[in-house]
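As structure tokens, the structure follows; a few thoughts come after it.
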There are 2 protein chains.
Amino acid sequence: MNIEEKVSFEEKQYDLLTIGEILVDMISKDFSEDFSNDEYVKKFGGSPANIVINTKRLGLNSIVASSVGYDGFGDFLVSYLQNQGVDISLITRTTYPTSMVVVTRSKGTPIPIFYRGADYEIEYTQKLEEAIKNSKIMHFSTWPLSREKSRKVVEKGIEAAKKSGTLIGFDPNYHKDLWDMDVDGVSYIKSIIKYVDFIKPSEDDAERIFGKDTPENQIKKFIELGAKLVVMTLGKDGVIVADKNKMQRFSTLATEVQDTTGAGDAFWSGFYTGIVKGRSIQEAVKVGLAASAFKLRYVGAISPMPKYEDLIKEFNV
Amino acid sequence: MNIEEKVSFEEKQYDLLTIGEILVDMISKDFSEDFSNDEYVKKFGGSPANIVINTKRLGLNSIVASSVGYDGFGDFLVSYLQNQGVDISLITRTTYPTSMVVVTRSKGTPIPIFYRGADYEIEYTQKLEEAIKNSKIMHFSTWPLSREKSRKVVEKGIEAAKKSGTLIGFDPNYHKDLWDMDVDGVSYIKSIIKYVDFIKPSEDDAERIFGKDTPENQIKKFIELGAKLVVMTLGKDGVIVADKNKMQRFSTLATEVQDTTGAGDAFWSGFYTGIVKGRSIQEAVKVGLAASAFKLRYVGAISPMPKYEDLIKEFNV
């Protein structure tokens, strides 16, 4: 892969298929340093689902594969997706409770509490395999990798994608607390980077995998492990995009920052839309920056993302 | 055991030791039939802990054995107990998340979502064994029975209690969703009733274990399984107390009902206090009814329970 070139795709049914968590984010209304706060607000959550919602608005035909419980939270999440016009035919239901993350906001970095359940009960079905084969891009997060059952689903998905020319994107958002204690998550993540076409670490993601280093050195480590294309997001300092031979830095397009939640998902969404729409990698990165700049104006993980044509016009990318 | 007689106890360090769940109850602020509501309020919860808080106020020396996570919710629950003057030396911490129950209020019976974690990671320690031996009564709920690790803790606890003359109380609050799918919870519960001195089923509890029947017939089934004393609570219709040979019905003492949450725990608390204070079983049942009538005046699982002397004076029991 070369950052100056376009990616060529075969004609396929789906532009993008994401695999990973759909969950309830239970977020405290007030800030609290000692969890003495009482009130929480429930929100739709899960990065792979947010990317599908965003990319559908931008104009891609995208779909999410995940699992929720046979419970009221599962009903809530599925209804939410349906209201957003998302195809729910790859969402399975299980007797495990719908996964939830509790976030108690604090002055420092809040420490989330992870209540895993249904999300790692995702099944590798015939239907999922068909959808992977019929997608231009398959994207997955680290959540399904962190438990054996769902890890096998992603591994089979990678195999199916490789056989059918489906490109693979991976969000290496590693959190130690999510992983079974008998599995070395960092080693596992390193071991699958060679199968991946697109990887988008943040500085924090890279530090959790490799320890502290400069962005440029971190990118080299991903490339050495076999990543074909690395986009490293640096928050207000923009992004660096790199292939095996070249690195290029782009500035942020954000002028107004209301809330950074979901900015990474918005970047992925713009980036994937750019490459599917036939832009070069470099130009797709700019579309990603436009999408995240748009999202940053809104509070919450999901913003009313415009159509692709309106986004590129507004941000002149 | 004979309902007309007092229970005689050896002098021991603790009056009551409870084993079971401490957890966060996440309760919706508004009513919703389809989980579309947004706001939840976090509350201290767990019947075995509520019984300890109540009985301490009533004047018993009681203690709770449980397990919470190394997380903010664990900190919150432990601080709450400390603020209530409860000895936390039998609360262990684990890397699993603190257990939580989400209750979305609805016009019908709300269906809780159970997020189990730390509660079944309770350990059978030397310290716990010592405390069981040094207690007049050991009480447990069905939560620890529902998973293998904590079930073993209760089984060892029952053995230690039997060896040291500690009486055993059991709250058969069976919920199918709590149990591992490879264990028949109903059969297991039936199998341990023979070790139990006090059992207090509600009509719903009995129906979940035996199917629908009259209260009198349900009580006979508990007695046939080896229960020495059955107290069946019938809500506004009072309670029936029974030993092998005799059944007696008592009316409720409640005149004002604000909220039934925690009424069962209040009954247990009054009942245990009555028998420890040297009342006959029949009279202890009246103390239980007084404690639940007191609690029913307040919203929430825990009311500002008075001292035993004030409670029996007020309700003339």
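Lettering of chains follows the sequences in order, A, B, ..., and the numbering in each one begins at 1.
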*Nearest 0.5 Å, what's the CD1-CG distance between A:Ile27 and B:Asp38?*
11.0 Å

_Within this structure, what is the CD-CD distance for the pair B:Glu39 and A:Glu39, rounded to the nearest 0.5 Å?_
6.0 Å

*asked:* Apply ring-ring contact (aromatic ring centres under 6.0 Å, His included) to residues B:Tyr115 and A:Tyr115 and explain how you reach the verdict.
replied: CA-CA 7 Å; B:Tyr115 290 94; A:Tyr115 290 94; 5.8 Å; yes

Any chance [atom1] of [X] has more than 12 other-residue heavy atoms, nucleotides or ligands included, within less than 6.0 Å?
X	atom1	result
A:Lys127	NZ	no
B:Lys43	NZ	no
A:Glu256	CD	yes
A:Glu207	CD	yes

*Is any side-chain heavy atom of B:Lys42 closer than 4.5 Å to a side-chain heavy atom of A:Val102?*
no

*Could you please state which residues from residues 84-97 of chain B sit under 4.5 angstrom from chain A, measuring non-hydrogen atom to non-hydrogen atom, sorted by number, or 'none'?*
B:Thr95, B:Tyr96, B:Pro97

*By a 4.5 Å heavy-atom criterion (distance strictly below it), what part of B:Asp75 contacts chain A: side chain, backbone, both, or neither?*
neither

*Toward chain B, the part of A:Lys29 with a non-hydrogen atom under 4.5 Å*: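 Just its side chain gets close to chain B.
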
_Contacting moiety of A:Ile113, where chain B heavy atoms sit under 4.5 Å_ = side chain

*How would you list, by chain and number, every residue that makes a side chain to side chain donor-acceptor pair (under 3.5 Å) with B:Ser62, sequence neighbours excluded?*
B:Thr55

*Name the member of B:Tyr80, B:Phe114, B:Phe73 that forms the most heavy-atom pairs with chain A at distances under 4.5 Å.*
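Winner by heavy-atom pair count: B:Phe73.
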
